[in-house]
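Lettering of chains follows the sequences in order, A, B, ..., and the numbering in each one begins at 1. Only this structure's heavy atoms are used, side chains among them; waters, hydrogens and symmetry mates stay out.
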Amino acid sequence: MKKILVVDDERDIQMLFEQHFRKEIKSGEMEFSFSFSGEEALEFMKNPEHKAILILSDINMPGMSGLELLKHIKEKYEKPPPVVMMITAYGDGENYNLAMKLGADDFLTKPLDFSSLKEKLKTMVL
Amino acid sequence: MFSMKLIKQLLLVILVFSAQNILAQENGSLFLSAETLKKTALSFGVEQAYVEYSHPDCFSTANWKYHPGDDKAWKETAFNDSSWKLFHTDFNLDSIPKGEWQGIGWFRLKLVIDSNLYDQSLALVMTQFGASEIYFDGKLVNQYGIPSKDPFLEKTFRPLNFQPVIVSLDEKSEHLLAVRYSFHQAQSLLDKYNKKYLFKTLHFGYPGFMMNIGSSKGAVKLFGDSLFKNLLLAIITFIALLLIGIFHTSFFIFYSSDRSNLYLAIFNFTVAAFSFSEWLPSYSHLSLQAAILNNLFAGIIWNFWLPVSMLAYYSVFYRKLPWHVWIYFAVILFMFSDLIFNSTISYPIYKWFMYVAFADMLRLFVKSVINREKNVWIVGVGVILSQSCWMLYLNSTVDWINTEFIVYCILLVVPVSLLIFNASRTAETSKSLEKQLVEVTRLSDLSLTKEREKQQILTSQKSVLEHQVNERTADLNQSLEDLKSTQSQLIQSEKMASLGELTAGIAHEIQNPLNFVNNFSEVNTELIGEMEEEIDKGNLDEAKKIAKDIRENQQKINQHGKRADSIVKGMLQHSRSSSGIKELTDINLLADEFLRLSYHGLRAKDKSFNASLKTDFDPAVGKIRVVTEEIGRVILNLLNNAFYAVTERKKLNAEGYEPTVTIGTKMVGDRIEIRVSDNGYGIPQKVLDKIFQPFFTTKPTGQGTGLGLSLSYDIITKGHDGQLMVETNEGVGSTFIINLPYNNQTL
């Protein structure tokens, strides 16, 4: 079972993910957690019970941005650091390079193509 | 002349003593011949005493024989008077032995006639103040007044000067002249005046008589001259002096700042008074008392002659009277001391002062001539002429000139010359005034012309200026119009600029709902497929569950569509020119919307940037009546500034700095506050009072128009009756406060 944390300031993203991954959630193939800001995500991850191995984070967020969150995660969780996929509405080179430099595992642009995301998550070997 | 008389009388006093003895030895007789008479006729002058002593042989008052009392027999030729004493007929108090004069007495004189006078006639000229009867060879030939033993019956009479009594001579060689003379008052009068005024030396009048004997022809002519020519001269002189005096007085009255006219008037009146007292009595029947008083008056006036004439003279030549003019007045004291103390010291002093005065007059005259003062020669001529006359008069033995005339010359010449000089000087003054008047007229004309020119220049300059001002005003109006249009363009571009900043944010804001719309539609498409499958399977419960999800998703789609719609509307609203219509607006919603717009706008520009957004909305604020797009613009502007401020601070990478922008609303009494805070660097004090000025910006060139805050200020204060304030703390942050009246009334 793949445990995935989604970080985005848009609350409707939860509903969207839950609907798109209905079957996977239902079958217990995937489990989703949601945080609506970088700070909330860090708080979530401080909980040792959490088993999130994949983090999907929006870059554009008020307060702590997705990139800062990435930096924190990659610095603090050495063994094994979770996979972090960055999502952004602006797929420009600058954001991409910065994300990669900080150790992002993938870079997705909005609007999300859920079927390809589903493929990626399914095939991803963790 | 009076001085002359004085001098002569002084001399007389001296001479009397010397001559008396010689003459007194004559035996009461007088020898007359044609030669002596000729002599006397020529020299028959005013001054009897003088003439008398010049020709003692024919005018002796001393060789008469006298007897007091009254006896008609004493007139007879046959009467033997050998026992009578010789006596002066012009006796005075000093010459009368005590008790000799008892009011009436007889005088007898034997005339010895040369044969060349046989059958001729003689003139007897009597001068007296008493009363007399004149007997020639025992016969009464004339009577002046009524002599009498009884004082109450006596009538005194003073004959006119030079009034002759003519007696005829036969071929006898001896004749008798007898005079019955009475003057009862004489002693008492003389005692009175001499005692009272101590004028002992100066004999102002003789109680006795003088009889001059001359040729009848000469005497008649002299009498005629005296009565007509000399009297006329005297009157003319007096009137002339008076008139000149009046002339100067009038001058002084009408122009009193020129004091010289006053002094000249005083001088003229003094001389006139003197001439009156000196001459007019000679042509009238004065009593002895009146004569004494007149002479006293003349004496006093005379004393003033020198100082007053010097006063007049100096006043003509000096602007301010010199101090030494008072010396001449001091001399008067000596003169009076003479009068009072019966001394004779004044005469030599006076004489010297005369010389000094004359010298000083000459000095001034010469000085004026050197200074080329106009017409000053007139005064010089006057003074010199007057002095010459004095000299002539003093040596009046010269018989080719009428002494009377000389005297009038002396009297008149100086006043007249001073008058003429003064007149010429006045004329000069008038001329120079006339010249000055002409000059003044010319100058005033000139200044008038200048004034006119100035006026013209001013007028033309004024019109030029007016023209220029109009031109400038038109230019300025044009510039103002240009500025206004530029300003509105600037405002528009400011709007567009802030919009431009927003574009990315707006794009993001629209993108997000659109993403949701797309994603939820996709999900719904999938869900519909699944639902169909479930229906086919007959699994209706499951299908219903899916349908519910679809409905929810459909609502989300709708919701996000609306969200995008409102963003687009807001953008349009922002770019649109202000409608100016106030409508009820939810301030909290507006603030939240623009917070997000602003934030995302900044994010869109600077991906690395992030900031904490805090909101602190007071639900009580609710809706108030504002021009929505304008207030939105102000909030947006303040938020943009706030984000800019924290961005700038963030760039310094200070450890632990967390950029935070807060927007909040609050009810404060009957007003609401919208507070936009940042934790940037704050606003430096030196620019604090400039931030609301148009075109003031701290942003690099091209990044800010400098109009944002100024427009915001105008919108809040002018458009909404509100206040825009700033609280700032350097290094801590700034808070902009919009204060608006709480107005939710519908119109």
Side-chain angles (χ1 to χ4, degrees), chain A residues 6-26 36-40 57-72 86-99 101-102 107-118, chain B residues 504-505 507-527 529-531 533 542 545-546 548-557 559-560 563 592 595-596 598-615 643 650 658-661:
Chain A
V6 180
V7 187
D8 200 311
D9 57 329
E10 294 277 355
R11 288 182 181 270
D12 283 348
I13 205 84
Q14 185 178 353
M15 201 176 161
L16 202 59
F17 267 88
E18 279 168 359
Q19 304 243 348
H20 266 296
F21 292 95
R22 266 163 57 94
K23 286 176 189 163
E24 287 77 7
I25 295 166
K26 217 176 175 181
F36 301 109
S37 72
E39 290 86 347
E40 207 179 309
S57 176
D58 189 10
I59 290 177
N60 263 327
M61 284 187 299
M64 186 182 281
S65 73
L67 290 171
E68 277 175 86
L69 180 65
L70 171 67
K71 198 178 165 192
H72 272 280
M86 299 309 291
I87 308 166
T88 177
Y90 320 100
D92 55 303
E94 197 186 326
N95 265 341
Y96 177 83
N97 289 337
L98 195 58
K101 199 178 160 193
L102 287 171
F107 196 86
L108 305 173
T109 55
K110 283 185 178 177
L112 281 171
D113 182 352
F114 276 93
S115 37
S116 68
L117 176 63
K118 209 182 271 178
Chain B
H508 180 262
E509 284 299 293
I510 294 171
Q511 190 64 50
N512 273 345
L514 280 178
N515 286 345
F516 281 115
V517 167
N518 289 334
N519 285 335
F520 279 114
S521 326
E522 278 170 27
V523 170
N524 271 3
T525 311
E526 274 179 34
L527 285 178
E530 279 178 29
M531 192 174 74
E533 279 173 26
E542 194 59 30
K545 234 188 217 171
I546 294 167
K548 193 184 158 228
D549 284 347
I550 292 170
R551 178 173 288 126
E552 280 178 8
N553 290 350
Q554 206 56 45
Q555 277 168 357
K556 287 288 170 197
I557 289 165
Q559 194 187 323
H560 284 285
R563 188 177 151 197
D592 190 44
L595 177 66
R596 296 166 67 81
S598 177
Y599 172 72
H600 289 296
L602 198 70
R603 283 298 299 247
K605 270 207 298 198
D606 179 5
K607 310 272 176 342
S608 67
F609 174 75
N610 211 331
S612 295
L613 299 180
K614 287 182 186 166
T615 54
F643 282 120
K650 181 83 188 299
E658 191 161 334
T660 309
V661 170

Can you tell me how far [atom2] of [Y] sits from [atom1] of [X], rounded to the nearest 0.5 angstrom?
{"X": "Ile13(A)", "Y": "Asn515(B)", "atom1": "CD1", "atom2": "CG", "result": "8.0 Å"}
{"X": "Gln19(A)", "Y": "Lys556(B)", "atom1": "CD", "atom2": "NZ", "result": "10.0 Å"}
{"X": "His20(A)", "Y": "Glu526(B)", "atom1": "NE2", "atom2": "CD", "result": "5.5 Å"}
{"X": "Asn518(B)", "Y": "Phe114(A)", "atom1": "CG", "atom2": "CZ", "result": "11.0 Å"}

Check ring-ring contact (aromatic ring centres under 6.0 Å, His included) between Phe36(A) and all other residues, then give those that pass, not counting sequence neighbours.
-> none
Those residues that, when tested against Asp549(B), pass salt bridge (charged side-chain N to carboxylate O under 4.0 Å, His left out) (two or more places apart) | Arg22(A)
Residues Leu16(A) and Phe516(B): closest non-hydrogen pair is CD2-CD2, 4.0 Å
Could you tell me which portion of Glu552(B) (side chain, backbone, both or neither) has an atom closer than 4.5 angstrom to a non-hydrogen atom of chain A?
-> both
Are the charged groups of Lys26(A) and Glu542(B) less than 4.0 angstrom apart, N to O?
-> yes
